[in-house]
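Report on the structure given below.
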Amino acid sequence: MLTVYAARERLRRREVSAVELTRAFLERIHALNPRLNAYLTVADETALAMAGDADARMARGEDTPLLGVPIAIKDVLSTRDMRTTAGSKILANYTPSWDATAVARLRAMGAVFLGKLNCDEFAMGSSTENSAFGPTRNPWDETRVPGGSSGGSAAAVAADLCCAALGTDTGGSIRQPAALCGVTGLKNSYGRVSRYGLIAFASSLDTVGALTKDARDAAIMLRAMEGRDPLDSTSVEVEPIDVASLDQSRDSLRGLRVGVPAEYFGDGMQPDVAQRVREAIAHLQALGASVREVNLPRTHLGLPVYYIIAPAEASANLARFDGVKYGLRVQGRDLIATYMETRGAGFGAEVKRRIMLGTYALSAGYYDAYYIRAQKVRTLIKRDFEQAFSHVDIIAAPVSPTTAFPLGAKIDDPIQMYLADVFTLPVSLAGICGISIPCGFDRDGLPVGLQLIGPAFGEQRVLEVAHVFQQTTDFHLQKPKWHGQPRSS
Ligand code: GLN
């Protein structure tokens with residue numbers, strides 16, 4: 001398991017060159033990706049050229065936390081030299097002429113891009129089965145989903161097909177796949193990382209972040225991407241993450257006040273998930289934290305509110321895919337027919353469902369009843385968290401009610417699929433931050449995630465607590481059994 005931090009140390013000590021490291025990752029990707037389908041594009045030449053540049057920069061004495069480190073990018077983030085499909089047929093042959101800001105910042109620091117990672121179409125889904133290019137498989141059990149929508153990112157990190165991966169989280173798409181694949185995934189507060197160049201799903205909820213092998217890497221990646229960007233008016237300048245202070249952080253959590261929301265342990269939870277999360281909370285307590293119950297009484301409203309707001313914004317954002325400017329065009333007999341045929345052929349079933357839901361919610365006569373009402377309840381959900389954070393520093397909860405489910409199990413039942421996100425949606429609606437870290441395994445040996453939730457721009461504290469947890473446990477160091485060699489099925 002090679003973290004960003006460890007890769008950088010080895011590069012700095014000249015134990016390995018960026019080109020050698022990149023070659024090793026590419027070989028492993030070519031060996032394992034045919035079974036996992038985590039990468040949609042493997043950018044051999046681009047990656048080796050970037051690695052060559054990184055080696056040259058190192059030879060000139062340059063040193064940045066990402067120089068020469070091989071990473072990969074969810075395919076909803078624009079890359080100027082790699083095809084960017086958003087998991088959709090409608091963008092199957094689309095290469096943007098610009099980089100997303102998060103991508104540009106990593107490129108400037110000398111990171112090496114191995115390729116683009118599979119995801120649910122336009123990031124809509126919780127299993128990566130909505131990708132037009134086939135599902136990604138979970139490295140822990142190839143008959144199961146990796147979660148979604150950043151399932152390719154989570155699987156690639158879990159299977160060591162990159163040091164770290166970019167993902168996006170609109171309602172859980174970093175945290176839930178991180179939990180299901182046993183990796184670390186930080187959903188940043190809304191506005192902390194620029195959304196410029198992210199193919200928009202729901203603009204008031206979309207966030208860009210990283211899936212990593214541990215919390216220290218999460219801090220390194222966030223530090224590289226965060227901050228105000230003139231190209232995204234909702235991005236903000238905040239106190240930068242202090243990566244070095246993580247290592248000074250003790251093995252004690254004395255003084256930390258942890259809240260546990262009763263609403264996150266109700267019916268429908270897989271019992272061993274609840275058990276592992278409770279054990280993790282007991283561990284925080286053993287490290288000196290004080291634990292108390294908090295209430296988030298509108299938790300059950302997160303799902304209905306999200307499924308008004310997110311589809312409404314998606315229906316507007318996806319209007320641009322009309323066969324004129326981007327991607328696929330299916331020529332019809334006139335302009336309207338071209339729109340209809342392009343969209344009919346280019347979008348998958350879930351995307352069409354969301355466009356219809358969203359268009360309905362925004363239509364005249366229903367706008368007040370649905371969209372405006374949902375926005376009001378969203379404010380109440382946000383207030384629940386504000387209220388809780390007046391008593392505690394951090395909230396500890398499950399990420400997902402279950403561990404990784406079998407491929408195909410929920411794909412014909414959208415409500416069951418949507419329920420995979422009950423514990424991640426409220427954090428997204430409130431615009432705050434949350435990290436998923438591994439906290440144990442279920443009876444089948446599948447990873448369980450612990451969610452640590454912080455207030456808006458409270459990433460530093462969240463990362464410190466996650467780091468202390470990882471310094472005193474080894475769940476994040478465990479690997480799928482076939483690690484190193486593909487397991488014969
Ligand atoms: N699973 C949720 C959805 O389908 C969240 C997706 C996301 O965060 N991008 O909308």
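Computed from a prediction, not measured in an experiment: that's the story for all the values here. Position 1 is the first residue of the sequence; numbering continues from there. Just so you know, ligand 1 is whichever comes first in the structure, and atom 1 is the first atom listed for that ligand.
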Hey, what's the ring geometry for Phe385 with Phe389, parallel, tilted or perpendicular (30° and 60° as the breaks)?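 Correct class here is parallel.
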
Under a 3.5 Å cutoff, is there a donor and acceptor pairing between the side chains of [X] and [Y]?
X: Asp272; Y: Gln270; answer: yes
X: Asp217; Y: Thr212; answer: no
X: Thr424; Y: Arg175; answer: no
X: Lys116; Y: Thr79; answer: yes

Identity and separation of the nearest protein heavy atom to atom 2 (C) of ligand 1: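 For atom 2 (C) of ligand 1, the nearest protein heavy atom comes out as Asp421 OD2, 3.1 Å.
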
Residue and atom name of the nearest protein heavy atom (relative to atom 5 (C) of ligand 1), distance in Å to one decimal: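 Of every protein heavy atom, Tyr306 OH, 3.3 Å lies nearest to atom 5 (C) of ligand 1.
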
Relative to atom 4 (O) of ligand 1, which among Glu350, Arg354, Arg175 owns the nearest non-hydrogen atom?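 Checking each option, the heavy atom nearest atom 4 (O) of ligand 1 is found in Arg354.
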
Among Gly148, Ser173, Pro414, Cys119, which one puts a heavy atom closest to atom 6 (C) of ligand 1?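 Going through Gly148, Ser173, Pro414, Cys119 one by one, Ser173 has the nearest heavy atom to atom 6 (C) of ligand 1.
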
Where does Phe122 meet ligand 1, judged by heavy-atom distances below 4.0 Å: at the side chain, the backbone, both, or neither?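 No part of Phe122 is near ligand 1 at this cut-off.
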
Heavy-atom distances under 4.0 Å decide this one: backbone, side chain, both or neither, for Ala123 against ligand 1?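 It is both parts that get close, each with some atom under 4.0 Å.
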
Centroid-centroid distance, Phe321 to Phe122, less than 6.0 Å: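 Here the rings of Phe122 and Phe321 have centres that are less than 6.0 Å from each other.
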
Ligand 1 to Ser126 polar contact by distance, N or O atoms, under 3.5 Å: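 Looking only at distances, the answer is yes, because the N/O contact criterion of under 3.5 Å is met.
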
Does Gly172 reach ligand 1, in the sense of a heavy atom lying below 4.0 Å from it?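 Checking ligand 1 against Gly172, which is what was asked, there is a heavy-atom contact under 4.0 Å.
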
Out of curiosity, is Tyr418 lining ligand 1, as in a heavy atom under 4.0 Å away?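 So Tyr418 does not count as touching ligand 1.
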
With atoms numbered from 1 as shown, which atoms in ligand 1 lie under 4.0 angstrom from a non-hydrogen atom of [X]?
X: Tyr307; result: 2 (C), 3 (C), 4 (O), 10 (O)
X: Ser149; result: 9 (N)
X: Met124; result: 4 (O)
X: Phe201; result: 9 (N), 10 (O)

The test is side chain to side chain donor-acceptor pair (under 3.5 Å); show your working for Arg378 and Ser204 and say whether it passes. CA-CA 11 Å; Arg378 179 178 186 176; Ser204 76; 2.8 Å; yes

Check: Ile174 main-chain N/O paired with Asp169 side-chain donor or acceptor under 3.5 Å: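 It does hold such a pair.
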
CZ of Arg107: more than 12 outside heavy atoms within 6.0 angstrom?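 Above 12, so yes.
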
